[in-house]
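These numbers come from the heavy atoms of this one structure, side chains and all, not from hydrogens, waters or symmetry mates.
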Amino acid sequence: MNEFAPVVRRPATYQDVIDAPPNVVAELMAGALHLSPRPASRHARASFHLAGQLDEPYRRGGGGPGGWRFATEPELHFGEDVLVPDLAGWRLERMPDFPDAPAIELPPDWVCEILSPSTRRFDLTEKRDRYGSAGVGHLWLVDPQARTLEVFGLRDGAWVLTAAFQDGDQLCAAPFEALRFPLSDLWPD
């Protein structure tokens, strides 16, 4: 065989996502399979604490406006692409009933990615771009190591940084402006 012959690889498919080992998160983007390890504890705790902060005022309406549906690590299908954000939310008027299905095709109104060393590059580039092209309106990027949160809004098809928070700041950001809490509440004790 000619050592300079191109290697022909088949594009990954949804079957590759299904066949991925259970100890990884499998995502599919433009025919490429992306496998990443399950989140470490710092990542998982930040996700859990943020979900807890949003649930009562925005899903249940206790102390807040209600009107949202949330999911942790939902499998989103945007055409052939399969993405798994750490958190996602849909306004109730867009998703009156949460689907009882393994995957969701309706793009969320908000997604949150908790950055990890193993997913950082993908989250900040291809995945962020795909959320924009799917029409997700709001993106939060939480960095537990740096103890920061960046808030992006989709404006004319491009992500615009609308706010940035660091440890010690009070978090109050779109699309959840009715909520205010210390960013430090997301980090492990």
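We find the NZ-CG distance between Lys127 and Leu76 to be 8.5 Å, quoted to the nearest 0.5 Å. Note that CZ of Phe70 is 8.5 Å distant from CG of Leu87, once rounded to the nearest 0.5 Å. Here Arg38 contributes atom CZ and Ser118 contributes atom OG; the two are 11.0 Å apart, rounded to the nearest 0.5 Å. Separation of atoms OG1 (Thr162) and CG (Leu154) is listed at 11.5 Å; rounding is to 0.5 Å. In this structure, SG in Cys112 is found 8.5 Å from CG in Leu54, a value given to the nearest 0.5 Å. Here the OG atom belonging to Ser184 is positioned 13.0 Å from the CZ atom belonging to Phe165, to the nearest 0.5 angstrom.
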Next on the checklist: Pair Trp110, Trp140 - check ring pair (Phe, Tyr, Trp, His ring centres under 6.0 Å), show working.
Outcome noted: CA-CA 8 Å; Trp110 168 82; Trp140 287 13; 5.5 Å; yes

Next on the checklist: Let's go through Trp68 and Phe176 carefully: what are the C-alpha distance in whole Å and the side-chain angles of both, what is the deciding distance for ring pair (Phe, Tyr, Trp, His ring centres under 6.0 Å) to 0.1 Å, and is it a yes or a no?
Outcome noted: CA-CA 10 Å; Trp68 283 79; Phe176 305 114; 4.8 Å; yes

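Taking all atoms of both residues into account, the shortest heavy-atom contact from Pro74 to Pro85 is O-CD, 3.4 Å. Pro107 approaches Phe78 most closely through the heavy-atom pair CA-CE2, 3.7 Å. Closest of all the heavy-atom pairs between Trp159 and Gly137 is CZ3-O, 3.8 Å. The shortest non-hydrogen separation linking Phe98 to Ala71 is CZ-CB, 3.7 Å. For Tyr58 against Leu179, the heavy-atom pair with the smallest separation is OH-N, 3.5 Å. Here the shortest heavy-atom pairing between Ala20 and Ala26 reads CB-CB, 3.6 Å.
Counting heavy atoms from C-beta on, the side chains of His138 and Val151 never come closer than 4.5 Å. The side-chain heavy atoms of Val82 and Met29, taken from C-beta on, include no pair separated by under 4.5 Å. Counting heavy atoms from C-beta outward, Asp185 and Gln53 have side chains that approach closer than 4.5 Å. For the pair Arg94 and Leu106, the minimum side-chain heavy-atom distance is below 4.5 Å.
Crowding of Glu73 atom CD: a count of heavy atoms from other residues, nucleotides or ligands under 6.0 Å exceeding 12. For Arg121, the CZ atom is loosely surrounded, since the number of other residues' heavy atoms within 6.0 Å does not exceed 12. Atom CD of Glu56 has more than 12 heavy atoms from other residues, nucleotides or ligands within 6.0 Å.
Distance alone, capped at 3.5 Å, places no donor-acceptor pair between the Arg180 side chain and the Leu171 backbone. A donor-acceptor pair is defined here as one N or O able to donate and one able to accept, closer than 3.5 Å; such a pair exists between the side chain of His43 and the backbone of Ile114. Between the side chain of Asp109 and the backbone N or O of Arg91 there is at least one donor-acceptor pair closer than 3.5 Å. For the pair Thr13 (side chain) and Gln15 (backbone), a donor-acceptor distance under 3.5 Å is present. In this structure, Asp81 contributes its side chain and Ala30 its backbone to a donor-acceptor pair below 3.5 Å. Between the side chain of Asp19 and the backbone N or O of Asp16 there is no donor-acceptor pair closer than 3.5 Å. In terms of modelled atom types and a separation under 3.5 Å, the side chain of Trp187 and the main chain of Arg45 share no donor-acceptor contact.
Residue Leu139 is not grouped with residue Val160 when hydrophobic side chains (ILVMFWY) are merged at heavy-atom distances under 4.5 angstrom, including chains of intermediate members. Following chains of ILVMFWY side-chain contacts shorter than 4.5 Å, one can reach Val136 starting from Leu124, so the two form part of one hydrophobic cluster. Grouping the Ile, Leu, Val, Met, Phe, Trp and Tyr side chains by contacts below 4.5 angstrom, directly or via other members, places Leu161 apart from Val142. Ile104 and Val111 fall within a single hydrophobic cluster, where Ile, Leu, Val, Met, Phe, Trp and Tyr are joined by side-chain heavy atoms under 4.5 Å apart, directly or via other members. Under the 4.5 Å side-chain heavy-atom criterion for grouping Ile, Leu, Val, Met, Phe, Trp and Tyr, Phe122 is connected to Leu115 within one hydrophobic cluster.
A salt bridge does not link Glu27 to Arg130: none of the charged side-chain nitrogens sits closer than 4.0 Å to a carboxylate oxygen. Salt-bridge formation is not detected for the pair Asp123/Arg128: no Lys NZ or Arg NE/NH1/NH2 atom is positioned less than 4.0 Å from an Asp or Glu carboxylate oxygen.
With no hydrogens or angles considered, a side-chain donor-acceptor pair links Glu113 and Tyr131 at under 3.5 Å.
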